[in-house]
Structures are given as C-alpha cells and as structure tokens.
Amino acid sequence: MRRPRPTSLGDSPASSARLAPSPRIPQYETDAYGPFDAPAPHTDIELTALLALLAAPPAPGDGDRACHRRRTAPATLTIGHSRDDASTVAAAAFAEAWRAAGGTVLALVDWPERAASWLRPARRFTAGEPDAWVVAAAPLGWAQMSRRLRHSTAWDPSRTYGFASAGDSRLVALAGPETLHGMRGATPDGGTWLIDQRWVTRRPPRLAPGQT
C-alpha cells in the first residue's frame, strides 16, 4: 500500500500551507543546501531587463511560453531586499529607476537572514496591496521570507520579480515546490529566469537587431 506523500509547505497555499505549524525551514535543510554565497552586485543590463519584464508582464498561467495575452503593467511596487550591501544597493537602484519611469514605490522592506518568524517584514511587504513586488535578496533569507509570505499573507509569487540572486534552484528546493511558482527575474547578462514548480528555467538575452 502506498503511503500518502508528505505535504510540503508550498503544495497548496489555501490548505496545507496555511495549516502548517511553522513555515520556518529546519536547520538540517538549510545546512544541506548551504552555504550560500552573498549576492553579487547587480549589473546595469540586469536592471534594464528587470524593468522590461515589469513593462510587459505575462498573464497568469502563461509560464515561459510566448504569448499575446498580457497583464496590465504595474504602477505601484513594493521592493524587498535582504540586508547585505549588494541587495541593498540593487533595491535602491531599482526604486530610483522605477520612480524615474513614472512608477510609484509604496515601500522598501528589508529582512534578516535569521529571524524568529519573518512575520513583521512579511506584513510590511504586502501592506498597501501593490500591483507587483521586486526582490533583491540573498537566497536563504528570501526562502524563509517567501514561506512566511505564503503561509500568512495574500502575496502572489506570479506578480513578483527578482534580481539574479533570487533565481537559485536551491532556494526553490528550500522554499517548497509551490511557494515561489511563477516568480521570474533577470540575469546579469540581461537574460531572464522563471520558477516553474520545482525548476528554474532560463532564457538567454534577446539579440538586438543586426546581431547574430
């Protein structure tokens, strides 16, 4: 007789995730996947690619396929970041670029790599109901923060965009297969990445006209 598969935090946000006693990742799991390097400084082309993703966001369920249906581009954002230097600088740079393009930043929210619950930053991150979220973060802290967001708020990973450091497959494994599903972002060379269930898929940069 087959035993039922254990329920991961991210398997059903409406049911099992919210019934879990704690969204914190056990220490033995973080030890198994770590240590994580500190995020590298963002690149200008990475920032440009991230802005382009938000300018033409895909519709729900489109995954990584080419499509003609698009969400309305967001006007309001909340930007979240871990407290390392590279993430702090990337978040500030994106906020400046977004405001220069006429967008509104509702808040910049930071969080620690280690905390009792991450509940306070999670509530700040979702306050005001922004159109979308942008993340610049070290993988371990973001894995913990995203689990708390999925457990305790109405946060939507498919409306969340990240710098390169958030597109780490180990982060997806730690957070749970559904916790980050639909999140996407940019790579340092101007490519893009998408979290699809347990996988992180990447696309190279688009060639400019005349390039081969």
- CA sep, side-chain torsions, deciding dist, call: Val109, Thr78, side chain to side chain contact (heavy atoms under 4.5 Å, CB included): CA-CA 8 Å; Val109 178; Thr78 289; 4.0 Å; yes
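Of all non-hydrogen atoms in Ala164 and Trp193, the two that sit nearest each other are CA-NE1, 3.9 Å. Residue Trp98 comes nearest to Leu54 through the heavy atom pair CZ3-CB, 4.0 Å, listed as atom of the first residue, atom of the second, then distance.
A donor-acceptor distance shorter than 3.5 angstrom exists from the side chain of Arg148 to the backbone of Ser117, with no hydrogens or angles considered. Judged by distance alone, with hydrogens and angles left aside, the side-chain atoms of Ser146 form a donor-acceptor pair with the main-chain N or O of Ala143 at under 3.5 Å. Listed for the Arg184 side chain is no donor-acceptor partner under 3.5 Å among the backbone atoms of Leu53. Between the side chain of Asp196 and the backbone N or O of Trp199 there is no donor-acceptor pair closer than 3.5 Å. Side chain of Arg150 to backbone of Pro157: no donor-acceptor contact under 3.5 angstrom is found. Remark: side-chain polar atoms of Trp133 are paired, donor with acceptor, to backbone N or O of Phe125 under 3.5 angstrom. The backbone N or O of Leu174 sits less than 3.5 Å from a side-chain atom of Arg147, completing a donor-acceptor pair. A donor-acceptor pair is defined here as one N or O able to donate and one able to accept, closer than 3.5 Å; such a pair exists between the side chain of Asp131 and the backbone of Thr76. Panel note: side chain Gln144, backbone Glu113; no donor-acceptor pair is recorded below 3.5 Å.
Defined by atom type and a distance below 3.5 Å, a donor-acceptor pair is present between the side-chain atoms of Ser82 and Ser87.
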